[in-house]
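Just below is one structure, and these are the notes that go with it.
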Amino acid sequence: MNQSQLNDWRTVNTSGYVLNTSGHHPCPLGFGHYSSVDVCILETSIIVLLTFLIITGNLTVIFVFHCAPLLHHYTTSYFIQTMAYADLLVGVSCLVPTLSLLHYSTGVHESLTCQVFGYIISVLKSVSMACLAFISVDRYLAITKPLSYNQLVTPCRLRLCIILIWIYSCLIFLPSFFGWGKPGYHGDIFQWCAIAWHTSAYFTGFIVCLLYAPAALVICFTYFHIFRICRQHTKEICDRRARFPSNETETAGETGPGHSPDGRYAMVLFRITSVFYMLWLPYIIYFLLESWRTLDNPTLSFLTTWLAISNSFCNCVIYSLSNSVFRLGLRRLSETMCSPCMCSKDMNERDPKPRKRANSCSI
């Protein structure tokens, strides 16, 4: 943002808050306001679309898990459902910047709105990041310690881990309310966030050392060993087929790195984790550069922030495309929701032939 825009946009009052003295402020993507309406149409459209996709996608995941008991056979379902609830709250929270872009007054001071929104978004995405790390550890134990896995991973311990994840995520960003700096959200939608609330290199380093780096290291370590073990199993199967060609029909289709159920499920979770970090990496890089006062660009801030938030919807897509049990649950859920409509249509057509209807969403 150049100096002329700043001079046109803001002034500082006696209490140090930045106020808007003009009729409107520049849009984050730099296209400005349209002559007919005083609204950032492009930015609002992007956020509204993401909000709709995130809410509908994660509601679908939650309902499918409720209607597909087979999905609960995996212990990682605890963490995946936690991620779905966290991402659903992200979608609901995105309504706040939408109202801000539409100039709808919430009755709360903008500085407080900005801080609370930034804190909530950061906590929710921290929960997702921690859940991905715990999922990788769970799959690592399932593959490396299959005999003692049921004793090591129990429902009680899983619930305890989820509680600790929420507590840790809430505590690690709490210093942002005491002047340490931004918790991670750049705040280019809110004027006070964009101008008066600066990032801190020390607080950024604090978050990286206690959240981003440990989660990334744990995920890299566990999945490296998971796929190394899968490759070893594949090599052993190929050697067995070479020694005993008569067993070729029995072992056909078992030559891929994900031939076992655990290997295939680990591959699904690895895809979710990879997409998560690909979407969040530009955000983290910009966050570090902004903290060290190396880069300050409202357009990049907006794009990287909402690219990272879009991951809340991508998890639903990846899981639905990669997991056959989830697709079956989604089909049963669709049948359950559509069965009343089909029944009503049959009654209107007075068809004497009874139609089979899905009276349960269980698999």
Side-chain angles (χ1 to χ4, degrees), residues 44-99 101-102 116-117 120-132 134-135 158-159 162-163 165-166 169-170 185 265 268-269 271-273 275-276 279-280 305-343 357-363:
T44 305
S45 301
I46 292 174
I47 297 177
V48 169
L49 177 62
L50 282 178
T51 301
F52 173 78
L53 293 176
I54 291 171
I55 292 177
T56 54
N58 286 284
L59 279 177
T60 303
V61 171
I62 292 170
F63 286 137
V64 168
F65 267 91
H66 176 72
C67 295
L70 286 179
L71 289 170
H72 295 279
H73 291 178
Y74 295 102
T75 54
T76 50
S77 64
Y78 287 85
F79 296 111
I80 293 175
Q81 290 182 83
T82 301
M83 289 173 57
Y85 282 108
D87 289 337
L88 176 63
L89 292 176
V90 169
V92 174
S93 301
C94 289
L95 295 173
V96 176
T98 303
L99 295 176
L101 284 175
L102 294 175
V116 172
F117 175 72
I120 291 176
I121 289 291
S122 300
V123 168
L124 294 175
K125 300 315 297 182
S126 172
V127 169
S128 296
M129 191 175 295
C131 283
L132 290 174
F134 273 86
I135 286 174
L158 290 172
R159 295 187 185 96
I162 292 173
I163 293 174
I165 286 174
W166 281 99
S169 299
C170 291
Y185 173 70
Y265 197 56
V268 173
L269 299 173
R271 291 181 189 136
I272 294 176
T273 305
V275 172
F276 181 91
L279 294 177
W280 273 83
T305 297
W306 292 98
L307 179 65
I309 291 177
S310 68
N311 174 258
S312 298
F313 169 71
C314 295
N315 291 340
C316 317
V317 177
I318 297 171
Y319 205 72
S320 61
L321 294 177
S322 304
N323 191 289
S324 58
V325 179
F326 184 90
R327 290 196 299 271
L328 180 59
L330 183 60
R331 186 167 65 249
R332 291 291 180 87
L333 178 63
S334 302
E335 292 175 357
T336 303
M337 295 179 64
C338 294
S339 59
C341 300
M342 296 179 65
C343 180
R357 46 181 302 197
N359 55 6
S360 173
C361 62
S362 300
I363 297 177

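Just so you know, these numbers use all the heavy atoms, side chains as well, and skip hydrogens, waters and symmetry mates.
With respect to Cys94, the side-chain contact (heavy atoms from CB on, under 4.5 Å) criterion is satisfied by exactly one of Thr51, Val48, Leu50: Thr51. Tested against Val64 for a side-chain contact (heavy atoms from CB on, under 4.5 Å), the candidates Thr60, Val61, Ile62 yield a single pass: Thr60.
Sorted by first then second residue, the salt bridge (charged side-chain N to carboxylate O under 4.0 Å, His left out) pairs that include residues 306-315, not counting sequence neighbours, number zero. Annotation: salt bridge (charged side-chain N to carboxylate O under 4.0 Å, His left out) contacts involving residues 82-92, sequence neighbours excluded, comprise Asp87-Lys125.
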Exercise. Take Ile54 and Ile309 through the test side chain to side chain contact (heavy atoms under 4.5 Å, CB included) and record every step on the way to the result.
Key: CA-CA 9 Å; Ile54 291 171; Ile309 291 177; 4.0 Å; yes

Quiz item: Can you list the steps and then say if Trp166 with Thr82 is a side chain to side chain contact (heavy atoms under 4.5 Å, CB included)?
Solution: CA-CA 10 Å; Trp166 281 99; Thr82 301; 3.6 Å; yes

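One distance of note links OG of Ser312 with CZ of Phe276; it measures 8.0 Å at 0.5 Å rounding. Taking OG1 of Thr76 as the reference point, atom CD1 of Ile135 lies at 6.0 Å (rounded to 0.5 Å). Taking CD1 of Ile121 as the start and OG1 of Thr305 as the end, the distance is 10.0 Å to the nearest 0.5 Å. For the atom pair Trp280 CH2 and Asn311 CG, the distance stands at 8.0 Å (nearest 0.5 Å). Here the straight-line distance linking atom SG of Cys170 with atom CD1 of Ile165 works out to 11.5 Å at 0.5 Å rounding.
Of all the heavy atoms in Leu279 and Cys314, the pair that sits closest is CD1-SG, 3.7 Å. Ala86 and Leu124 get closest at one heavy-atom pair: O-CD1, 3.8 Å. In terms of heavy atoms, Cys131 sits closest to Met83 at CB-CG, 3.4 Å. Of all heavy-atom pairs spanning Leu53 and Phe313, the tightest one is O-CD1, 3.2 Å.
For Ser126, the side-chain hydrogen bond (donor to acceptor under 3.5 Å, both in side chains) test picks out Ser169, with sequence neighbours left out.
When side chains are defined from C-beta on, Leu158 counts as touching Phe79, because their heavy atoms get closer than 4.5 Å.
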